J.: 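Below is the structure I would like to discuss, written out as C-alpha cells.
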Amino acid sequence: KLAQEGDTGKTGEKNAKSTGPKIDSTKKSSKGLYNQDLKEVKQTLLDAGFNKAEWEDLGLELGLNKKTLSAIQADKGNTNACFTECLSQWLVRADRVNERHGIPTMKSLVAALKKIGKKNEADYISAMFAGNSSEGKKPAKNGGAQARAGIEETNRPPTLKQKLTIDKLTNVIQRLERARFDKTKWQDLGGTLGLHPNTLRRINKNERGDIEDCFRECLSKWLRRADSVDDVGKPSFNTLANALHKMDCKPQAEYINGEAQASASDEETDGPTLTPPPQDAVNVNEWLEEGTVELNVKRVLMHGLPGSGKTCSQRLLLNEDPPEEPVTDSTGIACRAVKATRMSAHDDRMEEIDAKALLLRLAHDLKEATAKQKKPQPEDRSTKPMEESSETTTTEPAKLADESGEATKTGDPADDTEANKIISDIVKEIPNAKGKFDRHWVYFIDSGGQTAFQELLPLFTRPASFNIITLDISKDIDEKLEQKYRIDGESLSQIDKNSTGDSKPFSCTNIQFLKDVLSSGAILQPYQAQQPIGSEENTSTGSTTPRCPGYFVLGTHEDQKKAGVIEKYNDELKELKLGSRKKGYFIIPAELGGNIIYPVNTLKSGPDREAEAKKLCKIIYNQVSGDEIHIPVRWFAFELTLLEKAKRKGCSFLEIKDVLHAGDSLQMNADQTKEALQFLHNVTIILYYPQVLPDVVFVDPHPILDILSRLLALATYQIPQDHLDHFVKKTSLLNELEGDLKCRGLFTLKFLKNLKGGEDFSESDFIGLLLHLHIIVETDKKDESKEKKYFIPSALPPCPKTRSAPKSDIDPLQIVWCSRESEPEDSYEILPVPRGIFFLTIVNLMKRSKPLQFRFASKSPEYFRYRDAMSFRVRRQRDYIGIVHIIKKDRCIEIYFEAQYDLEHCLRIRKAVKEAISSSCEAIKIKPDGYKFAFHCPSTEGCYRIVTNVDEKKVECTSPGTKSPTNSGKEQHWSWFDKTQSLTEERGLDDANGSPDSSDPVQANTDQKVISVSNDTTQANTAPDSTTPDDGVTGAVGAEKVPAPVPLPELFPELDEMEYETKLSQGHVKDIVKDIRVLLLTATEVELRGVLGYLKPLDGRNKVIKSFINDIWIYIGKYGEYLAVVGRSAYAKGQQGGLDALTITNKIMEIYKPRYIIAVGICFGMDRSKVNLGDVIVSDFIVDLSNFRKEPENITARKPQPSAGTTLFPFFGDTSKFKIKHSDRENAKEVEVHCGPIASSPVLVDDPKFKKELREVRPDALAGEMEGAAILHAARHVHHKVEAIVIKAVGDWADGKKDGYRGWKDFASHAAATFVHYKLNNAAPDDLQ
C-alpha cells in the first residue's frame, strides 16, 4: 500500500525514515546479505520498531540453533550486544542457515518476522523496500549527509500536534538530542509520559543499565502507547514538550515546540520559510574532504620528582588559577595531552583549546573556505536549516553544482549521530567565529614522578621536542628526597622493608634526577617531527631532519628557596650545557648570559601570575622551533566526535566499528580513519594498539594508565586502611598483595579485577596490552597455583645496597650506554642506564624459549629478585647450564654467570641478553647502537674497558688519559665472546646425548648451483625418514642423528657481524628507495640472515644501507640484478604471524611504493611423500586461514584464497634450470623446487592432529606458514599496484618435534634466499617491469 501511494502520499510521508539503510535498495529482496551489511540490517529493524529484547525468537526463526543463542547470551549478556551478535551470526551463515532456511536476504528476514508475530515490522520493511525498488529509487540518504550537502527536503517532519508512531522513533531521538536533553533522566521522562515504573525497571534490567539503549527503548514503549501513555496524551511533540515542562526542562521543551511549529509553517506554505542556511552548510562535504590547517606544533613533556610542582607549573603555563589546595594528588604514569595556544597576537599567555574553542576554530576555517568559492550555489536550491535536516529524507541522490554547472554526486557517509552533531555544532558556531586561532599550538603532557611511573613512561609517550624539568628549590641540590604518593591531601610513605627485611626506600636528589632526565634525552632516538601519516596531501613543510630534544629547567617553590641554591644549580647546569648538543640534547637558559634555571612561584595569583605566565610562554614560543604540519580539518572534527561518543556512552573506550563509522561520516575511508587514529595516538595519547587490540580505541587513556598506576602504588607504598577504597573494590582480597605482588612481583587476573578504575573495559584486554608492551610476562604454567600468574618486575622493591655481589665463574660482562666527548676525541662519557630498559630486558628474556630458557631462580637468599637485580636458572633444551645474575647499577648493567659445568654457554647468554636489550631499545625509542659491551677496569674506579674489537681482543678505557691495557687474549672474560665452538654446536645441532656433533662448514657456489656439506649421506637428512607415518606422531629421531647442511658463514652472516651504512638521513633514504621495485620480506632473524647473505651494496657504495625509518629497520642493496629493500616483521616470538607482518608491510609501503613483494623464509612441510626438508615451495596461491571456523574434526576457511602475482608467479614458477645440492658428494640430495598452494595461519603449528585438519582444508597444499596471507592482504589493499608471492623452504614437519629440526631452519632460510637470488640474478633487468 505504501509503495502504491508513492512519494506524495500522506502515509508515505508519515513513514519516511531519517536513517534509511545503506543496503542498495535497487537490488531485489532476494539478493544475499553479508556481515558487512550488519549495521544497515540492524538499523532497518530498529527503524521498523523491532524490540531488541526478542532477539532470541528472531534468531530461531532465522535458522540459528539454541546452542548458538545460548552461547551468545552467556558471552554478551547485554541485550543490545546479543541482538547485534545474533544478526551477525545469521549474516555469516552460522549453523548452516543457508541450507535450512535459505541465504540471508531481506525477504527471509521479513518472513522470520511474520512467523514470530511481528507483522507491523515485517510490513514496514516490505513496504519500504518494495517502494524503493519498484520505482527505481534509492533509500533515503541519512540526515547528516543531507545537512552537509544542503539538499532540498521533500518530506516533512511531524508537526506539533501530529500523532507520532513507532516509525518516528529516530526523529524523536534526534530532536531530543539537538535539544540537549540529558539522557540519564530517561526514567523521569518515561514516567512523566505515562510508562509504569515496572516497565521502566524491566527496561533498565534488559538493557543492563546502558543509557543509550534504555533511552531508546523508553521512547519506543511511549510511541507504542504502552501502559498509561494515552491517559497522559497520545504521542506527539506537543505531549513530549508538556512532559519536559513538567520535568522542569523548559529550554528543551521550548526547543521541541519551536522546531515543530517551524515544520507546521513549512507545510502550510508548501516550502520552508526559514532563512536558507549559510553557504557554509552547502560546502561542508568539500571542506571536510579537502580542507587542511597549517599548524606549528610543539609537544611539551613535563618531568619532575613527586611534589616538585609539575601540575601546578602546567596550570600556570595554561593561564589557569592555582589549585585550591596547595598539595595536589599524585599524577599517574601519564595524562592525556592538553592542547593550548596563544590568547592573541599581542598576548603571549596560553589558554587551553577546549571543545568549544576548537569548534570556533573549525567554524572560522569553514567560513573562510566558503568565502573562497568563486561561484555561489544557485539561489533556488532552498534547503532546510541544519537543525531540521537530520529528520527529513530525500528520494534523490545528494548533488552539488560545480562551476561548470554540472551536478556532481556527494559521498554517502554513514549516519553517525555524534559526527553529525559535531558538524551541526560547527555550522551553528559560524556567526560567532570572528577570528582565527594562533597557528602555534602546544601539546602539554604531564607525567607521574614516582620511579616506577617514570620507568614505564617511554612506553606510552613519544619523545618530545621540548621538555620542562621541575625542581623543588626549597630543597638543597644534593638533598635526598623520599618519593611520596599523595592522595586526598595526604602523603603516603614508601614501604620501608623489602622481601628480605632490608631497608632502602626510593630516594633521589634533585641534581641526580636532572642528570638522569638529560642523559635519557641523549640516549633517545633523535626527535623527528610528527607527520600526518599516509596521505600524500598531508605533508609537512618543515624539515624532516631528526633533532635533539630541548630542556628548560623550572625551579619551583621560589618563595621557599634555600639560600644559594640557585647559584648551585646554575653552576651545575653550565657544566651540563657545555657540548650538550653533541651529546644529544640542549638546554635552554632562562636568561642569555645569566640564570639557566628559571625560579618561579607556581602558586602566585592576580596580575603577578599573569605576568609570570606571559614570560614563560614567550620563552616557549621564541626559543623552541615547532613542527610545521598540514593537518586535515576532518581530523579535528574526528577527535571531537570520538570524545563526544565516549561521553555519550559513559566509558573511556570505543569499539573500532564505531570509530570507523564516525570516520565514514567525516568523508574518510577505513584506512584514512586509522591514519587519523595513529596521529592522535602519537600526539594526544588517544591510545590505539591495532597489533594486540585491533577492535578497541582508548579515547581517554586515564583508566588504563590509572589502573596500572594503582597496581604499582599498592606494591610500593604503605596504604592506610581508610585509603584502600581508592585503590581496590574489596579489601578482603588483599592477602594476595602481601604475599605475591610486593615480594615476588606476581598478580592474577582476579587481583586485577579487584582494582578500581577498570570498570568499563575488559581486564583480559588490559592483560593483553601489558603483555604486548612487555610490561609483564606470563609465568611458567607449572606455578604452584592453577590460576595464571603474571610477573611485573617494576612492582618489585629495589635491591638493598648491603647486598654483596653475586657469585660468578667468570668476570662479569658489563653493558654501558655512552656518548663520545668532543674533547679529548678518544674519551667516552658513560651515561646512566636508560629508564625502563632493565624491566623490558627482564621480560624479553623470560619470554624466550629457544635456544635458552630463563626461569626464576629458587627463593634462596643468595639469589636476587628485585626491580634492579634478577637471578635466573638457565636451561638449554632440557639441560640445566647454570645461574645468570643480571644487576642494574647506576651506569651499567652487569651479567654474572655461575656455570653448572664450564663456560661454553657464555656466548649464548651474551647473545640472548643482547637481543633482549635491542628489542627493549626499539620499544622505548632508544638509539639501537647506543650501548657497548665492557669489562670492569681494576685500576681506575668508575672506568670501563669497552670492547672495540672482538677478533683482536681489543678494549678501550673510558677515562681520559688512561692507557688501554694490553690483552693476551687468553683472559677468562673473553669467554663471553668466544667463537671457537664449531658452527654445528653454535647452531644447536646436538646429538642424542646433547654433546656437539662436529660438521664441516658448507661451501656454496651459486653459479654452479651446488651447496656442499661433509658427512652428508643419502635421504637420511630428511629425517624423520620416509617410513615415518605422515601424521608425524613419531619423534624426529633422524633430525638429531644427522645434522642438517650448514651454510657458509659469509652466506649466512650473524647480524651483529655485518657492517652497514647507517648515517644517512631519512630524506636521503627515501630518495634512494623511491624507484626500487622489489621488496623482500622476512619474519625472523634466521630468515633475515639468509637474505642478507646475498644482499650486496648498491653500485658506488661500499656497504649495504641500514636505516631506522617509520619506526622500523630496513636494509637496502642489490639482490642479483635488482635493487631491493629488505624488511623483517618479527623481532620477538610474540611478533610472528599476520598482524605484525601486515603492520610492517604497510609501514614499508608508507616509505616507498614497491611493485613486487616477495616473502622469503621458512615453512613447514605438509606431506613427506611430496616434499623433503630443505625443498623450496613457490606459492601459486595462499590458503588464507587467518579466519576459519573450527568444528569437531573439521576446519573451514572463511577467507578468499589470494593468488600470487600474475607477473611474479610465471617469473618464479619456471624452476627447470635451478639446481642445488645439499653437498658436493655424488649421492647428495638435490633441493627441489615445487609450485603449489601454501596454507597461511596465525598459529604456530607443531601438532600432528591440527596439521592433519589443516591438510583437509586444502589437500593439495604443500606447506604452511604464518605471514603470507597478511602480506598478500596488504598488497591487495594498498592504493598503488603491487604484486606479492610467498617463496619459502621446508624447515620442519610441524609434528610436535620442532626442536629436532632446528638446524634445518638455517638451511631452509638459506635455500629459499638462494633460489630467489638465482632467479633475480639470472633475469634481465626489465623482466620485472
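Note that this is a predicted model, so its numbers are computed, not measured.
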J.: Is it the case that the side chain of N1172 and the backbone of D1175 share a donor-acceptor pair, with hydrogens and angles ignored and the cut-off at 3.5 Å?
T.: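 No: the side chain of N1172 does not pair with the backbone of D1175.
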
J.: So which atom in G1090 and which in A1313 form the shortest heavy-atom distance, rounded to 0.1 Å?
T.: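 Looks like O-CB, 3.2 Å.
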
J.: Quick one: does Q672's side chain have a donor or acceptor within less than 3.5 Å of a partner on N669's backbone?
T.: yes

J.: Can you give me the closest heavy-atom contact between R93 and L91, atom names plus distance?
T.: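 Shortest heavy-atom contact: NH1-O, 2.8 Å.
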
J.: For V1257 and L1185, run side chain to side chain contact (heavy atoms under 4.5 Å, CB included): C-alpha distance rounded to whole Å, both residues' side-chain angles, the deciding distance at 0.1 Å, then the answer.
T.: CA-CA 9 Å; V1257 176; L1185 294 173; 4.1 Å; yes

J.: Inspect the contact between D1295 and R1168 and indicate whether a charged nitrogen and a carboxylate oxygen are less than 4.0 angstrom apart.
T.: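 A salt bridge is present here (some side-chain N lies under 4.0 Å from a carboxylate O).
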
J.: According to ring pair (Phe, Tyr, Trp, His ring centres under 6.0 Å), does anything in residues 1067-1089 pair up with another residue at least two apart or in another chain? List the pairs.
T.: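 For residues 1067-1089: none.
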
J.: Any cation-pi pair here, R1128 with W1113, using under 6.0 Å and within 45°?
T.: no

J.: State whether E1121 and K1319 are salt-bridged, where the test is any N-O pair (Lys NZ or Arg NE/NH1/NH2 against Asp/Glu carboxylate O) under 4.0 Å.
T.: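 No, E1121 and K1319 are not salt-bridged.
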
J.: Between K1118 and D1099, is the closest basic N to carboxylate O distance under 4.0 Å?
T.: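 Counted as a salt bridge, because a side-chain N and a carboxylate O are separated by less than 4.0 Å.
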
J.: Can you check whether I1162 reaches E1265 side chain to side chain, under 4.5 Å on heavy atoms?
T.: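 No. Closest side-chain heavy atoms not under 4.5 Å.
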
J.: Inspect the contact between D1167 and R1255 and indicate whether a charged nitrogen and a carboxylate oxygen are less than 4.0 angstrom apart.
T.: yes

J.: Any side-chain heavy atom of I656 within less than 4.5 Å of one from L693?
T.: no

J.: Taking atom types as modelled, is there a side-chain donor on T1143 or Q691 under 3.5 Å from an acceptor on the other?
T.: no

J.: Quick one: do the E1150 and N1110 side chains pair a donor with an acceptor below 3.5 Å?
T.: yes

J.: Go through it in stages, so that I can follow the logic: the residues are F1052 and V1086, the test is side chain to side chain contact (heavy atoms under 4.5 Å, CB included), and I'd like the CA-CA distance, side-chain angles, deciding distance and then a yes or no.
T.: CA-CA 9 Å; F1052 200 72; V1086 171; 3.8 Å; yes

J.: Search all heavy atoms of V1290 against all heavy atoms of G1165 and return the closest pair with its distance.
T.: CG1-N, 3.5 Å

J.: Is there a donor-acceptor contact under 3.5 Å linking the side chains of S1309 and E1087?
T.: no

J.: Looking at every non-hydrogen atom in both residues, tell me the closest pair between G1174 and A1311 and how far apart they are.
T.: O-CB, 3.8 Å

J.: Identify which one of I1116, T1062, V1073 satisfies the side chain to side chain contact (heavy atoms under 4.5 Å, CB included) criterion when paired with I1105.
T.: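 When I1116, T1062, V1073 are each tested with I1105, the side chain to side chain contact (heavy atoms under 4.5 Å, CB included) holds only for I1116.
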
J.: My understanding is that only residues two or more places apart in sequence, or in another chain, count here; which of them pass salt bridge (charged side-chain N to carboxylate O under 4.0 Å, His left out) with D671?
T.: none

J.: Okay, side chain of E1283, backbone of I1157: is any donor-acceptor separation there less than 3.5 Å?
T.: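 Not at all, since once roles are kept as given, no pair shorter than 3.5 Å links the two residues.
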
J.: Any side-chain to backbone donor/acceptor pair from S1179 onto F1181? Under 3.5 Å, distance only.
T.: no

J.: Set out, in order, the CA-CA distance, both residues' side-chain angles and the distance that settles side chain to side chain contact (heavy atoms under 4.5 Å, CB included) for V1078 and Y1119, then state yes or no.
T.: CA-CA 9 Å; V1078 175; Y1119 209 77; over 6 Å; no

J.: How close do K1074 and Y1152 get, heavy atom to heavy atom, and via which atoms?
T.: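 So the two residues come closest at CA-CB, 4.3 Å.
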
J.: Does the side chain of L1328 reach to within under 4.5 Å of the side chain of R1155, using non-hydrogen atoms?
T.: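 They are not in side-chain contact.
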
J.: Are side-chain heavy atoms of L677 and V659 found at a separation under 4.5 Å?
T.: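 Touching, per the 4.5 Å side-chain cut-off.
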
J.: Hey, is E1061 close enough to K1106 for a salt bridge, meaning N to O under 4.0 Å?
T.: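 A salt bridge is absent here (no side-chain N lies under 4.0 Å from a carboxylate O).
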
J.: Is there a side chain to side chain contact (heavy atoms under 4.5 Å, CB included) between L1079 and Y1156 once you walk through the steps?
T.: CA-CA 6 Å; L1079 169 59; Y1156 303 101; over 6 Å; no

